[in-house]
2 protein chains.
Amino acid sequence: MKIDPNSSADLSVQIAQAIKDAIISGELIVDERLPSEAELSDHFQVSRPTVREALKRLAAQSLIRTQRGASGGAFVNRLSFEDAYAQQVTTSTLLLSMNEVSFDTACEARYALERACAPLSAERRSADHLATMRAEIFRQGQPGLTDVAFCASDVAFHRALVDGARNPVLSYQLAGAVEAMQPLMNMITFTARDRAVITGLHTRIADAIEAGDGGAAAAGLQDLECETRKLASDVFAARAQR
Amino acid sequence: MKIDPNSSADLSVQIAQAIKDAIISGELIVDERLPSEAELSDHFQVSRPTVREALKRLAAQSLIRTQRGASGGAFVNRLSFEDAYAQQVTTSTLLLSMNEVSFDTACEARYALERACAPLSAERRSADHLATMRAEIFRQGQPGLTDVAFCASDVAFHRALVDGARNPVLSYQLAGAVEAMQPLMNMITFTARDRAVITGLHTRIADAIEAGDGGAAAAGLQDLECETRKLASDVFAARAQR
DNA sequence: TGACATTTAAAAGTCTGACATTTAGAATCT
DNA sequence: AGATTCTAAATGTCAGACTTTTAAATGTCA
């Protein structure tokens, strides 16, 4: 682990990069303890606060975790699926909210990816996944449900569908696509009629999954995508006119 | 922006979270300047180094950028697709390398997602995307190409395929799935025969894309997935036996 | 001997205050 | 008016001290 004393980049950035590289290259392995802050500041010939800023950068990315007390220190963190999932959702959400991505673009990406999960989910889903999907469909039919709660239930339904593929990598990748849409979906007001159409499609998808028919599930998702885009365009058109 | 003085969590973590929440909620908008470090330390009643650690955490996630000098400070950063893309690749790569994800699982996820792009790419790809695919296929046929270079070219081919869908959200989502596989692919040694089979499939896929036949492209990807998994299992079997 | 309480030291977390460096903008000069 | 210099504000860095947490070593007693 070395830094370039001639570089114009901030020291804390350089140090963070050096440690990150060491982790990625395998020089530092999971759960290995990094030198203490005092040792690091000595090694890199910088002050302790500078080292700390570098460590905080890494901690923010879940690359390391710190522990206080004797035999404490900074440890290389095993990036868990949960952590990666959370990061993925945050990044995707911010990306969509900050870049004027059109609803259609986001929607298209989401459903394209989700359709890819359908055949796997139809083949492998557990009874639990199916039960979750049914339960969410039931919830979506309850009167008095707010639009936000309806959207949240929609996300839960789709998560169950994706998780049904029993591929953690796929679930992780889809997390962003599905959840980042929620703020966009929350801008839509769903009439009772809209909800009926959507839950009808959900039922059709769940039935297909239950029957092990991935093609039918994908077709249902296709229709759901059309429906969602139509709904959104109506809402945005009405809003633009006002 | 408030912090809970009774919380046991580290102050810098709390402050980072408070600012992050303000950004996500829209209280702070893109390119808005945060208060100076001195003002923040005054506001939160903590010292400047503590505030700085919080800011470094946010900078590590590309949520803010800092500028030195007069009228400098920390600004809410517009998360660009490039930044998000880079984060996505790093996270995915670490996730796979640290969690003993089987080759099959990663491979399945990657090709399932990629097949989802095929119809869109067949419909929308520009001449440029197609040219890139052809160029990479040509490179893959060159003798004397190292295995690592072959894998890199493979990634470039698939990126062109994905980008052909002309949906930046999709490209971003796929970035992790495709690039994170590279270290795993690099563990495979490709015989001349293997390469011929792969480039043959690549050609078939490119032809289908050129013809606008998304179904055929997806089928080609399906076969490529099978081929890749077979190759990998052979390599791992041979390695286990030794 | 073994279980429990106490001490101790190491390490992260935090604070204070200072100085260095960068940079935009104001002031000045030609 | 335009170029140059000055200035002040802000981040970047440093040094050293103190606080809090935590595990391990030590000591004590049944």
Side-chain angles (χ1 to χ4, degrees), chain A residues 1-20 22-23 28 31-77, chain B residues 1-20 22-23 28 31-77:
Chain A
M1 288 196 299
K2 287 272 158 53
I3 59 173
D4 175 13
N6 299 324
S7 168
S8 65
D10 292 347
L11 290 172
S12 69
V13 173
Q14 290 185 60
I15 293 169
Q17 192 60 52
I19 297 175
K20 187 172 176 175
I23 293 174
L28 292 168
D31 291 334
E32 183 170 344
R33 183 179 170 284
L34 271 67
S36 72
E37 295 176 355
E39 288 169 316
L40 285 173
S41 65
D42 196 53
H43 173 74
F44 288 116
Q45 290 288 299
V46 299
S47 69
R48 214 183 122 213
T50 303
V51 167
R52 282 181 61 78
E53 285 181 9
L55 294 179
K56 294 311 138 193
R57 294 186 125 95
L58 299 175
Q61 298 174 278
S62 304
L63 263 71
I64 62 170
R65 61 177 186 279
T66 57
Q67 224 175 352
R68 296 175 70 164
S71 75
F75 298 82
V76 178
N77 197 31
Chain B
M1 288 196 298
K2 287 273 158 54
I3 61 173
D4 175 12
N6 300 323
S7 168
S8 65
D10 291 346
L11 291 172
S12 68
V13 174
Q14 290 185 61
I15 292 169
Q17 190 62 50
I19 297 175
K20 187 171 176 176
I23 294 175
L28 292 169
D31 291 334
E32 184 171 344
R33 183 177 170 284
L34 271 66
S36 73
E37 295 176 354
E39 288 169 318
L40 285 172
S41 65
D42 195 54
H43 173 75
F44 289 116
Q45 289 287 299
V46 299
S47 68
R48 195 160 77 100
T50 303
V51 167
R52 281 181 61 78
E53 286 181 9
L55 294 179
K56 296 311 141 194
R57 295 185 121 98
L58 299 175
Q61 297 174 280
S62 304
L63 263 72
I64 61 169
R65 60 177 187 279
T66 57
Q67 226 174 350
R68 297 176 68 165
S71 76
F75 298 82
V76 178
N77 196 30

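All heavy atoms count here, side chains included; hydrogens, waters and symmetry mates do not. Note on naming: letters A, B, ... go to the chains in the order of the sequence lines (proteins, then strands), and numbering restarts at 1 for each one.
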A.B. asks: So, using side-chain hydrogen bond (donor to acceptor under 3.5 Å, both in side chains) as the criterion, who are the partners of B:S47 when residues are at least two apart?
C.D. replies: B:T50
A.B. asks: With pairs defined as Watson-Crick or G-U wobble and both distances under 3.5 angstrom, please note down DNA chain D as a dot-bracket string, | for pairing with another strand.
C.D. replies: ||||||||||||||||||||||||||||||
A.B. asks: Under the rule for side chain to side chain contact (heavy atoms under 4.5 Å, CB included), what residues qualify as partners of B:Q17, not counting sequence neighbours?
C.D. replies: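 Side chain to side chain contact (heavy atoms under 4.5 Å, CB included) list for B:Q17, sorted by chain: B:K20, B:D21.
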A.B. asks: Let me know the distance between CG of B:D42 and P of C:dG17, rounded to the nearest Å.
C.D. replies: 14 Å
A.B. asks: Whole angstroms only, please: what is the CG-P distance between A:D10 and D:dA10?
C.D. replies: 18 Å
A.B. asks: Rounded to the nearest angstrom, tell me the gap between atom CG in A:L11 and atom P in C:dT21.
C.D. replies: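 Result: 12 Å.
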A.B. asks: Does anything in residues 62-76 of chain B pair up under salt bridge (Lys or Arg N to Asp or Glu O under 4.0 Å), and if so which pairs, sequence neighbours excluded?
C.D. replies: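 Qualifying pairs: B:D31-B:R65.
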A.B. asks: Please report, rounded to the nearest Å, how far the P atom of C:dA10 is from the CG atom of A:L34.
C.D. replies: 19 Å
A.B. asks: About how many Å separate NE2 of B:H43 and CD1 of B:I3, when rounded to the nearest 0.5 Å?
C.D. replies: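 These two atoms lie 8.0 Å from each other.
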A.B. asks: Could you work out, with side chain to side chain contact (heavy atoms under 4.5 Å, CB included) as the rule, every residue matching A:A38, not counting sequence neighbours?
C.D. replies: A:S36
A.B. asks: Quick one: which residue pairs count as a salt bridge (Lys or Arg N to Asp or Glu O under 4.0 Å) with a foot in residues 39-48 of chain B, not counting sequence neighbours?
C.D. replies: B:E37-B:R48
A.B. asks: Under the rule for side chain to side chain contact (heavy atoms under 4.5 Å, CB included), what residues qualify as partners of A:S8, not counting sequence neighbours?
C.D. replies: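 For A:S8, no residue satisfies side chain to side chain contact (heavy atoms under 4.5 Å, CB included) once neighbours in sequence are set aside.
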A.B. asks: Ignoring hydrogens and angles, write down the donor-acceptor pairs under 3.5 Å from the side chains of residues 55-64 of chain A, residues two or more places apart or on other chains.
C.D. replies:
residue	atom	partner	partner atom	Å
A:R57	NH1	A:S12	OG	2.9

A.B. asks: Not counting sequence neighbours, which residues clear side chain to side chain contact (heavy atoms under 4.5 Å, CB included) with A:S7? List them please.
C.D. replies: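 By the side chain to side chain contact (heavy atoms under 4.5 Å, CB included) rule, A:S7 matches A:D4, A:A9, A:Q14.
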A.B. asks: Considering only heavy atoms, which members of residues 45-65 of chain B lie under 4.0 Å from some atom of DNA chain D?
C.D. replies: B:R48, B:R52, B:K56
A.B. asks: Could you go through nucleotides 23-26 of chain C and list every protein N or O atom that sits under 3.5 Å from one of its N or O atoms, giving the distance for each pair?
C.D. replies:
residue	atom	partner	partner atom	Å
C:dT23	O2	B:A70	N	3.0
C:dA24	O4'	B:A70	O	3.4

A.B. asks: Within this structure, what is the CG-to-C1' distance between A:L40 and C:dG13, rounded to whole angstrom?
C.D. replies: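 Whole-Å distance recorded here is 16 Å.
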A.B. asks: Would you list the pairs meeting salt bridge (Lys or Arg N to Asp or Glu O under 4.0 Å) in which at least one residue belongs to residues 9-19 of chain B, sequence neighbours left out?
C.D. replies: none
A.B. asks: Among D:dT11, D:dG12, C:dA12, which nucleotide sits nearest the side chain of A:E37?
C.D. replies: C:dA12
A.B. asks: Can you see which heavy atom on A:F75 is nearest to which on A:Q67, and at what distance?
C.D. replies: CE1-OE1, 3.5 Å
